Amino acid sequence: MRWSKLFIPTLRETPAEAEVASHQLLLRAGYVRQLSAGLYNYLYLAQRSILKITAIVREEMDAIGAQEMYLPGLNPAEVWQESGRWDVMGANMFRLKDRWQRDYCLGMTHEEIMTYIARGELRSYKQLPQIWYQIQTKFRDEPRPKSGLLRVRQFIMKDSYTFDMDAAGLDAAYDKHYAAYCRIFDRCGLKYTAVEAHSGAMGGSQSHEFMVASDAGEDFIVIGEQSKYAANLEKAESNPAQPAADPDGALAPEEFHTPGQKSIEQVSAFDGMPPTSHIKSLVLVAETKPVLALLRGDHQLSETKMTGLLGVSEYRPAHPAEIEQWMGAEAGSLGPVGVKNMRIVADLALKGRRNMIAGANKTGYHLRNVTPGEDFQAEFHDIRQVAEGDTHTTTGEPLKIVKAMEIGHIFKLGYKYSESMGLRVLDEHGKEVTPIMGSYGIGIERILCSAIELFHDADGIVMPPSIAPFNVVVTPVNTKDANLIAAAESLYNQAKAAGLDPLLDDRNERPGVKFIDADLIGIPFRITCGKKLAEGQVELYIRKTKEKMDVPVAEAVAKVKALIEAA
RNA sequence: CGGGGCGUAGCGCAGCCUGGUAGCGCACCUGCCUUGGGCGCAGGGGGUCGCGUGUUCGAAUCACGCCGCCCCGACCA
């Protein structure tokens, strides 16, 4: 490709609306342009990168025996109503009607459609297992699209779905995907971590997320540095940091006045005891029923663990009027002592503690010497979010919390869709069984974004060669010099013949402009034809390290090829 | 959905407070010049000031309403 003929609209200045590095650079480097909130035009460079990414994904999916399909993005409501997700998806689903006023939606994911295909055709155990996948556009009406291509309303996803006779078959399919995902992300040049994840609204038993550590991410993951422990914060478990020592003895609860002191910090500062000596009391409402959640003062409630425990899809904090009615006091003076009218759930970190401080259920008063299990009864469960400084439950090593973005997710779905949608096959005894399913996604644009987030510098993108729109640029420094042009053309043709993906910067620009643009868009290698051509030398430049070396013209392409293969 | 910010040329911004017929830098076009890290000189094109209503002799500027985009939070298979 000749740069002079291409549409690569680079910008000298950073567009004001872009906050995160990948968004800024995708715009500045001329990869994308925004159409509307969460909708982007992928220009030539983005499209080239995406094609390289999807080619890698296809190769690795095909390598585990997965079969690619292409499914409608426009779905009839009925299929989604069968699984129950027509209602569950709520406002996140784009919905529309056809000319006959029939309901449709734009597909957010394709479990329903894949299961629909399967139940229509799969009859016998002899046809299983199956791995089906698609690389297609998905639509989600995100409440808040943001961060460039990181959270958008239309995006490309590789989704695969597996059908197996039994759990052992699903385990095998899951393991194959896990391994394939590692190969895909390795080949894309990413640094990533596979973490244990919460299965979320998808249901199912086991789940891993593939995460790239980045401040641009929206998730938090918990990592143990020595061991291999890595989990999503939603799901992570830990031993809490050591609390302050409790006063000894079988002391009776004793009321004291705490006027205007509401938060744990305030009460703690007021009574001189550390937050770890306090009990945090939260009144929640799950399907109209109140629940009292108790945590150590320095801990945060884990919504995921709590919803899992309560067996509901969501709960809400009680309104002030409800709190007053149920507890007889304002939030800020709440506690478990004497509470009889609701379920009480206490975090495990409170088990075995003595003589703590809690609200008195009398506005402006707290109790000291409150002992869990003696002064009040509660169910003890892990309902707490892991905090920085916690330690691993078995190795005891310190845990770190890291911000990260999700690029892939694998699930053991179980029977959720095969059951609800009536997928049955006959086993070898002629008995009807429900196949077990798995679902496995990769966000294609997120691979591009995370590569940029991971690999960029002040001059622009440092794209991994495997997914760069071009992997080498041949740059004659002066387009008026026929010898330079001829040499550059020849190198460009050699590079093409060698199977590289070269770009010829034949623009009539000053060298500085060409260098800066090539650095910005992230071409990993550059062959510069300049003044040393007379001595038979060209310059080889490595974007990542900014290293430059003179090499004989005849060896330049072979050298670049070797560098790309080594990358 | 709650909180905040912004909307003036392709991009980045000034002008708005104190109303008087729109400006700067970059980009773009033409010519000359230059050619190893965003050259220089000269000339030039491009704007319903997000939309609507109102106030006023007069609105980018003041008031009200709406729309759009961004950020924080909530939400997020």
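Quick note: numbers below take in every heavy atom, side chains included, and nothing from hydrogens, waters or symmetry partners. Keep in mind that what you see is a predicted model, and the values were worked out from it rather than measured. Chain naming here is simple, since letters A, B, ... match the order of the sequence lines and numbering starts at 1 in each.
In the set B:C70, B:U35, B:C11, B:C11 carries the atom at the smallest distance from any side-chain atom of A:Glu13. Side chain of A:Ala16, nearest nucleotide from B:C13, B:A74, B:C76: B:C13. Residue A:Asn478 places its side chain closer to B:U35 than to any other of B:U35, B:G38, B:C69. Minimum atom distance to the side chain of A:Pro511 is reached by B:G36, of the listed B:G36, B:C11, B:C70. Comparing B:G36, B:U35, B:C70 by their nearest atom to the side chain of A:Gln34 picks out B:C70. For A:Glu539, whose side chain is taken as the heavy atoms from C-beta onward, the closest listed nucleotide among B:G38, B:G36, B:A74 is B:G36. Counting only heavy atoms from C-beta on, A:Asp517 has its side chain closest to B:G38 among B:C70, B:C71, B:G38. Between B:G12, B:C76, B:C69, one nucleotide has an atom nearer to the side chain of A:Ser36 than all others, and that is B:C69. The side chain of A:Arg526 has B:G37 as its nearest neighbour among B:C11, B:G37, B:C72. Candidate nucleotides B:C26, B:C70, B:U35 were compared by shortest atom distance to the side chain of A:Arg12, and B:C26 ranks first.
A 3.5 Å limit on both hydrogen-bonding distances identifies B:C72 as the Watson-Crick or G-U partner of B:G2. With a 3.5 Å ceiling on both atom-pair distances, B:G37 lacks any Watson-Crick or G-U wobble partner.
Taking atom C1' in both B:U35 and B:C39, the straight-line distance is 9 Å, to the nearest Å. Rounded to whole Å, the separation between the C1' atoms of B:G23 and B:C67 comes to 27 Å. Going from the P atom of B:U34 to that of B:C70 covers 46 Å, rounded to whole Å. Using P as the reference atom, B:C71 and B:C62 are 27 Å apart when rounded to the nearest Å. Annotation: B:C6 and B:C17 have their P atoms spaced 16 Å apart (nearest Å). Comparing the same atom, P, in B:C66 and in B:A74 gives a spacing of 27 Å after rounding to whole Å. With P as the reference atom, B:U61 and B:C1 are 28 Å apart, rounded to whole Å.
In this structure, A:Arg151 does not pair ionically with A:Glu445, as no charged nitrogen and carboxylate oxygen lie closer than 4.0 Å.
At a cut-off of 3.5 angstrom, counting only N and O atoms as typed in the model, there is a donor on one side and an acceptor on the other between the side-chain of A:Arg28 and the base of B:G38. Judged by distance alone with a 3.5 Å cut-off, a donor-acceptor contact links the side chain of A:Asp519 to the base of B:G37. Side-chain N/O atoms of A:Arg144 and base N/O atoms of B:C71 include no donor-acceptor pair closer than 3.5 Å.
Checked options A:Ile521, A:Ile50, A:Val32, A:Leu26; the residue passing with A:Leu45 is A:Ile521 (criterion: side-chain contact (heavy atoms from CB on, under 4.5 Å)). Partner of A:His208 under the side chain to side chain donor-acceptor pair (under 3.5 Å) criterion, out of A:Tyr174, A:Tyr178, A:Tyr181: A:Tyr174 alone. If you run salt bridge (charged side-chain N to carboxylate O under 4.0 Å, His left out) between A:Glu112 and each of A:Arg85, A:Lys416, A:Arg119, only A:Arg85 comes through.
One can place NE2 of A:His319 at 15 Å from P of B:G2, the figure rounded to the nearest angstrom. Here B:C28 presents its P atom at 13 Å from CZ of A:Phe7, a figure rounded to the nearest Å.
Residue contacts for A:Glu303: at a heavy-atom cut-off of 4.0 Å it reaches the sugar-phosphate backbone alone, with no base atom in range. Using a 4.0 Å heavy-atom distance criterion, A:Tyr541 is classed as a base contact. Within 4.0 Å (heavy atoms only), A:Met157 reaches at least one base atom of the nucleic acid. A:Lys138 comes within contact range of no nucleotide atom at all, as no heavy-atom separation falls under 4.0 Å. The residue A:Pro15 sits close only to the backbone: its heavy atoms come under 4.0 Å of sugar-phosphate atoms, none of a base. Residue A:Thr304 is out of contact with every strand shown, counting any heavy-atom pair closer than 4.0 Å. Note on A:Lys514: nothing from the nucleic acid sits closer than 4.0 angstrom, heavy atoms only. Contacts of A:Thr475 with the nucleic acid, taken as non-hydrogen atoms under 4.0 Å apart, are absent. Nucleic acid contact for A:Asp459: none, since no nucleic acid atom lies under 4.0 Å from a heavy atom of the residue.
Ring orientation note: the planes of A:Tyr440 and A:His177 are close to parallel, at an angle under 30° on the 30°/60° scale. Relative ring orientation between A:Phe210 and A:Phe185 is described as tilted, the plane-to-plane angle lying within the 30° to 60° band. Taking the six-membered ring where the residue is Trp, A:His409 and A:Phe411 present parallel rings, their angle staying beneath 30° rather than reaching 60°.
Remark: A:Arg510 is not in phosphate contact with B:U34, judged by side-chain N or O atoms under 4.0 Å from OP1 or OP2.
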